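The block underneath contains the structure these notes are about, expressed in structure tokens.
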Number of protein chains: 2
Amino acid sequence: MHKMNSKNKTFIDKLRSSGLRPTNQRVEISKFLFNRKKTFHFTVEELKNSMNLKRSKKISTATFYNTVHALKSAGHLKEFSLENNTSYYDTNIKSHHHFFDNGKVIDIRSDKITFQKLPDAPKGKKIKNVEVVIRLENNN
Amino acid sequence: MHKMNSKNKTFIDKLRSSGLRPTNQRVEISKFLFNRKKTFHFTVEELKNSMNLKRSKKISTATFYNTVHALKSAGHLKEFSLENNTSYYDTNIKSHHHFFDNGKVIDIRSDKITFQKLPDAPKGKKIKNVEVVIRLENNN
DNA sequence: TAACTACTTTATAATTATTCTAAAGTATGT
DNA sequence: ACATACTTTAGAATAATTATAAAGTAGTTA
């Protein structure tokens with residue numbers, strides 16, 4: 001029998017809908033990711049370090065990778081890549097845009113960018129989403 | 001003294017302007033990359049394999065990486081990343097857009113997309129470029 | 001040309017992010 | 001409690017990339 005208060009519900013459901021039993025480790029990861037005010041970006045390594053720092057009993061690397069993957073496959077996380085061969089994950093899964101500023105990533109709300117002209121998808125294909133990256137540099 | 005006909009000039013100059021002496025290996029790489037009708041995308045591994053396949057004396061991995069890096073730093077190649085922890089390079093350095101279709105990348109000419117609304121750069125920053133990725137999926 | 005210096009290439013080792021594996025642990029259903 | 005299936009973990013394996021250091025090559029100077 002599970003104790004399930006409304007506070008836990010959201011992030012535990014994300015595990016369930018990812019096909020993952022809500023074990024202790026997974027619940028803590030999901031809570032860390034989703035039980036907060038603002039969405040954020042992270043790498044698996046960063047996630048592991050920041051979570052394990054405070055823990056006496058560390059969660060293993062493989063569990064972080066497995067959990068993040070399952071959450072991503074179920075659509076609870078969005079993956080993106082910078083130019084450093086590392087996968088980044090975004091807890092904001094709504095389609096949105098980004099500023100890239102020397103490896104730093106800043107979200108741009110979807111409604112801040114609109115298009116005048118967009119190409120058609122090649123035949124047999126359709127557009128899944130459209131995302132814009134605005135690369136920044138220092139003013140001078 | 002160098003023999004230098006007009007056919008070689010462009011890609012040898014790209015080496016020179018990247019701070020690289022035009023050695024045999026580098027000239028062959030630069031020729032392979034730039035002496036062709038259409039621009040294309042590649043990974044270093046792909047480049048190495050396709051070039052070395054035809055050669056009896058193989059060019060080393062390190063030389064491919066060094067040369068591609070220098071060309072990229074000088075702005076003769078553009079780097080981008082998919083979600084598989086590999087760097088891709090594009091011989092088309094003009095700002096342009098892409099369709100991403102399950103790991104396949106198709107160029108979209110810059111003038112095919114125009115914006116109605118774009119956000120301002122954060123203060124102290126300015127916009128270097130704006131690039132769009134249109135993700136595709138099969139029609140049904 | 002010979003000698004000197006600086007730059008290159010190469011094989012190989014090291015590193016980093018990620019995935020795989022297999023054993024030990026835990027949970028669930030009967 | 002037993003059996004089965006799912007989890008966690010440490011550590012090995014893999015893949016892309018970068019670093020290292022020795023041997024090779026080119027360019028310069030005398």
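All of these numbers come straight from a predicted model, not from anything done at the bench. Protein chains get the first letters and strands the later ones, always in sequence-line order, with residue 1 at the start of each.
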Exercise. Please examine the side chains of B:Phe42 and B:Leu77, heavy atoms only from C-beta on, and report whether any two atoms are closer than 4.5 Å.
Key: yes
Quiz item: For A:Phe99, is the NZ or CZ atom of B:Lys125 found under 6.0 angstrom from the centre of its six-membered ring and inside 45 degrees of the ring axis?
Solution: no
Practice problem: Report yes if at least one side-chain N or O of B:Tyr65 is closer than 4.0 Å to OP1 or OP2 of D:dT18; otherwise report no. | Solution: no
Exercise. Check DNA chain D against residues 77-87 of chain A and give the residues with a non-hydrogen atom under 4.0 Å, in numerical order.
Key: A:Asn85
Quiz item: Can you find a side chain N or O atom of A:His69 that sits less than 4.0 Å from OP1 or OP2 on C:dT18?
Solution: no
Exercise. Sort and list the pairs that fulfil salt bridge (charged side-chain N to carboxylate O under 4.0 Å, His left out) and have at least one residue in residues 76-98 of chain B, not counting sequence neighbours.
Key: B:Lys72-B:Glu79, B:Lys78-B:Glu131, B:Glu83-B:Arg135
Quiz prompt | Atom-to-atom span, OH of B:Tyr89 to C1' of D:dT17 - whole angstrom | solution = 9 Å
Quiz item: Less than 4.5 Å apart, any side-chain heavy atom of A:Ser81 and any of B:Leu82?
Solution: no
Quiz item: Expressed in angstrom and rounded to an integer, what is the separation of A:Phe64 atom CZ from D:dA10 atom C1'?
Solution: 15 Å
Practice problem: Starting from C1' on D:dT17, measure out to NZ on B:Lys72 and report it in whole angstrom. | Solution: 13 Å
Self-check item: Close side-chain approach of A:Phe80 and A:Val105, heavy atoms under 4.5 Å
Solution: yes
Quiz item: Just wondering, do B:Ser30 and B:Ile12 contact through their side chains at under 4.5 Å, heavy atoms?
Solution: no
Self-check item: Nearest-Å distance for atom pair NZ/P, residues A:Lys48 and C:dT18
Solution: 11 Å
Table of protein N/O atoms under 3.5 Å from nucleotides 4-11 of chain C N/O atoms:
unit_1: C:dC7; atom_1: O4'; unit_2: B:Arg21; atom_2: NH2; d: 3.2
unit_1: C:dT8; atom_1: OP1; unit_2: B:Arg21; atom_2: N; d: 3.0
unit_1: C:dT8; atom_1: OP1; unit_2: B:Arg26; atom_2: NH1; d: 2.9
unit_1: C:dT8; atom_1: O5'; unit_2: B:Arg26; atom_2: NH1; d: 3.0
unit_1: C:dT9; atom_1: OP1; unit_2: B:Thr23; atom_2: OG1; d: 2.2
unit_1: C:dT9; atom_1: OP1; unit_2: B:Gln25; atom_2: OE1; d: 3.3
unit_1: C:dT9; atom_1: OP2; unit_2: B:Arg26; atom_2: NE; d: 3.0
unit_1: C:dT9; atom_1: OP2; unit_2: B:Arg26; atom_2: NH2; d: 3.3
unit_1: C:dT9; atom_1: O3'; unit_2: B:Gln25; atom_2: NE2; d: 2.7
unit_1: C:dT10; atom_1: OP1; unit_2: B:Gln25; atom_2: NE2; d: 3.4
unit_1: C:dT10; atom_1: OP1; unit_2: B:Lys58; atom_2: O; d: 3.4
unit_1: C:dT10; atom_1: OP2; unit_2: B:Ser60; atom_2: N; d: 3.0
unit_1: C:dT10; atom_1: OP2; unit_2: B:Ser60; atom_2: OG; d: 3.3
unit_1: C:dT10; atom_1: OP2; unit_2: B:Thr63; atom_2: OG1; d: 3.2

Quiz item: Would you say A:Leu33 and A:Leu47 make side-chain contact, with heavy atoms under 4.5 Å?
Solution: yes
Self-check item: NZ/NE/NH1/NH2 to OD/OE distance under 4.0 Å, A:Lys31 and A:Glu28
Solution: no
Quiz item: Separation of A:Arg16 atom CZ from D:dC6 atom P, in whole Å?
Solution: 16 Å
